[in-house]
*Asks:* 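Before I ask anything, let me first share the structure, which is written out below as structure tokens.
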Amino acid sequence: FTITSSGSQRSYIIDVPANYDMNHAYRLFFTFHWIGSTSEAVRDGQTSNGGAANWGYYGLKRMANGANDPAIFIAPQSMGSTWGEQHHPFFDDMLARAKEQLCVDTTRVFATGFSFGGMITYSLSTNHQKDLRAAVGIAPTNYNIYLTTHTHEPIPWMSTTGMSDT
């Protein structure tokens with residue numbers, strides 16, 4: 001899908017459950033890609049080195065379907081290869097469109113991402129606590145990311161980094 005955000009055409013992938021019911025409120029997961037990657041790689045479950053891992057949307061879709069609690073997934077595409085300040089209004093615009101066009105449980109909106117995707121997830125968690133129920137950074141990069149003025153409102157946050165990460 002495309003959307004105009006801050007005057008630019010932006011793209012994202014949205015995945016709705018196969019048996020979508022417009023009267024059922026679904027969880028919504030934003031899944032951000034790593035540096036130099038694509039929304040398609042997140043959708044298709046590729047690893048950061050390009051190998052298929054069968055983990056679409058970081059494995060969350062498989063787990064949701066396995067628990068018989070399907071969800072809506074959004075995989076945004078950055079401008080260029082990284083995330084930054086312009087992606088906060090992009091997130092706001094995607095979220096507003098999802099709420100407008102789909103039946104979203106607004107108390108169960110989540111964000112996650114790997115590497116640079118983990119950093120934009122962290123950046124959003126610092127000032128979108130009213131929009132996000134929780135956020136997870138998977139080995140988030142710790143440099144060159146736009147950090148907003150922290151609102152210091154609580155949000156469940158989890159971050160994980162492997163012992164062999166470079």
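Everything numeric here is computed off the predicted structure, so don't read it as measured data. Every heavy atom of this structure was used, including side-chain atoms; hydrogens, water molecules and symmetry mates were not.
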*Asks:* Following the transitive rule for hydrophobic clusters with a side-chain heavy-atom cut-off under 4.5 Å over Ile, Leu, Val, Met, Phe, Trp and Tyr, establish whether Met79 and Met119 coincide in one cluster.
*Replies:* no
*Asks:* Counting N and O atoms only, with roles assigned by atom type, does the side chain of His33 sit under 3.5 Å from a partner on the main chain of Ser78, one being a donor and the other an acceptor?
*Replies:*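 Present.
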*Asks:* For residues Thr121 and Gly113, report the shortest heavy-atom separation together with the two atoms involved.
*Replies:*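 Heavy atoms only, the tightest pair is OG1-N, 3.4 Å.
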*Asks:* Can a side-chain donor-acceptor contact be found between Ser8 and Gln86 if the only test is distance below 3.5 angstrom?
*Replies:* no
*Asks:* With heavy-atom distances below 4.5 Å as the criterion, would you say the side chains of Thr151 and Gln129 are in contact?
*Replies:*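 Yes - at least one pair of side-chain heavy atoms lies under 4.5 Å apart.
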*Asks:* Going by heavy atoms in the side chains, are Ile74 and Leu28 under 4.5 Å from each other?
*Replies:*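 With C-beta onward as the side chain, the pair touches.
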*Asks:* With Ser159, which residues qualify under side chain to side chain contact (heavy atoms under 4.5 Å, CB included), at least two apart?
*Replies:* Pro140, Trp157
*Asks:* Give the intermediate values and the outcome of side chain to side chain contact (heavy atoms under 4.5 Å, CB included) for residues Phe110 and Phe30.
*Replies:* CA-CA 6 Å; Phe110 305 92; Phe30 284 87; over 6 Å; no
*Asks:* Let me see the working for Phe114 and Val42 under side chain to side chain contact (heavy atoms under 4.5 Å, CB included), right down to the final yes or no.
*Replies:* CA-CA 9 Å; Phe114 172 70; Val42 171; over 6 Å; no
*Asks:* Establish, from distance only, whether the side-chain atoms of His88 and Ser123 form a donor-acceptor pair under 3.5 Å.
*Replies:* yes
*Asks:* Less than 3.5 Å apart, which donor and acceptor atoms pair up between the side chains of residues 95-104 and the rest of the protein, not counting sequence neighbours?
*Replies:*
from: Arg97; atom 1: NH1; to: Thr2; atom 2: O; distance (Å): 2.8
from: Arg97; atom 1: NH1; to: Tyr12; atom 2: OH; distance (Å): 3.3

*Asks:* Between Ser125 (side chain) and Tyr122 (backbone), is there a donor-acceptor pair under 3.5 Å?
*Replies:* yes
*Asks:* Decide if atom CZ of Phe1 counts as having more than 12 heavy atoms of other residues, nucleotides or ligands within a radius under 6.0 Å.
*Replies:*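 Atom CZ in Phe1 is not crowded, with 12 or fewer foreign heavy atoms closer than 6.0 Å.
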*Asks:* On a heavy-atom basis, which atom in Ile72 and which in Pro17 lie closest, and how many Å separate them?
*Replies:*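 Looks like CG1-CD, 4.0 Å.
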*Asks:* Can Glu40 and Gln77 be said to form a side chain to side chain contact (heavy atoms under 4.5 Å, CB included), step by step?
*Replies:* CA-CA 9 Å; Glu40 289 84 6; Gln77 180 62 50; 4.1 Å; yes
*Asks:* Could you state the interatomic distance from OG (Ser81) to CZ (Phe116), rounded to the nearest 0.5 Å?
*Replies:*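 The distance works out to 8.0 Å.
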*Asks:* Consider only side-chain N and O atoms of Ser115 and Thr141, and report whether a donor and an acceptor are under 3.5 Å apart.
*Replies:*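 Side-chain D/A pair, Ser115 to Thr141: present.
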*Asks:* Return yes if some donor-acceptor pair links the side-chain N/O of Thr4 with the main-chain N/O of Gly7 below 3.5 Å, else return no.
*Replies:*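 Here the side-chain-to-backbone pair does not exist.
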*Asks:* For the residue pair Phe32 and Pro76, establish whether any side-chain heavy-atom pair is separated by less than 4.5 Å.
*Replies:* yes
*Asks:* Under 3.5 Å, which donor-acceptor pairs do the side chains of residues 130-138 form with other protein atoms, sequence neighbours left out?
*Replies:*
from: Lys130; atom 1: NZ; to: Glu153; atom 2: OE1; distance (Å): 2.8

*Asks:* Output all residues satisfying ring pair (Phe, Tyr, Trp, His ring centres under 6.0 Å) with Tyr58, sequence neighbours left out; order by chain, then residue number.
*Replies:* none
*Asks:* Answer yes if the ring centres of His24 and Tyr26 are under 6.0 angstrom apart, and no otherwise.
*Replies:*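 Centroid separation for His24 and Tyr26: below 6.0 Å.
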*Asks:* Which residues pass the ring pair (Phe, Tyr, Trp, His ring centres under 6.0 Å) test with Phe73, not counting sequence neighbours?
*Replies:*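 If we apply the ring pair (Phe, Tyr, Trp, His ring centres under 6.0 Å) test to Phe73, skipping adjacent residues, the hits are Phe29, Tyr57.
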*Asks:* Does any pair with a residue in residues 1-25 pass salt bridge (charged side-chain N to carboxylate O under 4.0 Å, His left out), and if so which ones, sequence neighbours excluded?
*Replies:* Asp15-Lys61
*Asks:* Hey, mind stepping through Ile120 and His87 against side chain to side chain contact (heavy atoms under 4.5 Å, CB included) and telling me if it holds?
*Replies:* CA-CA 8 Å; Ile120 188 63; His87 296 99; 4.1 Å; yes
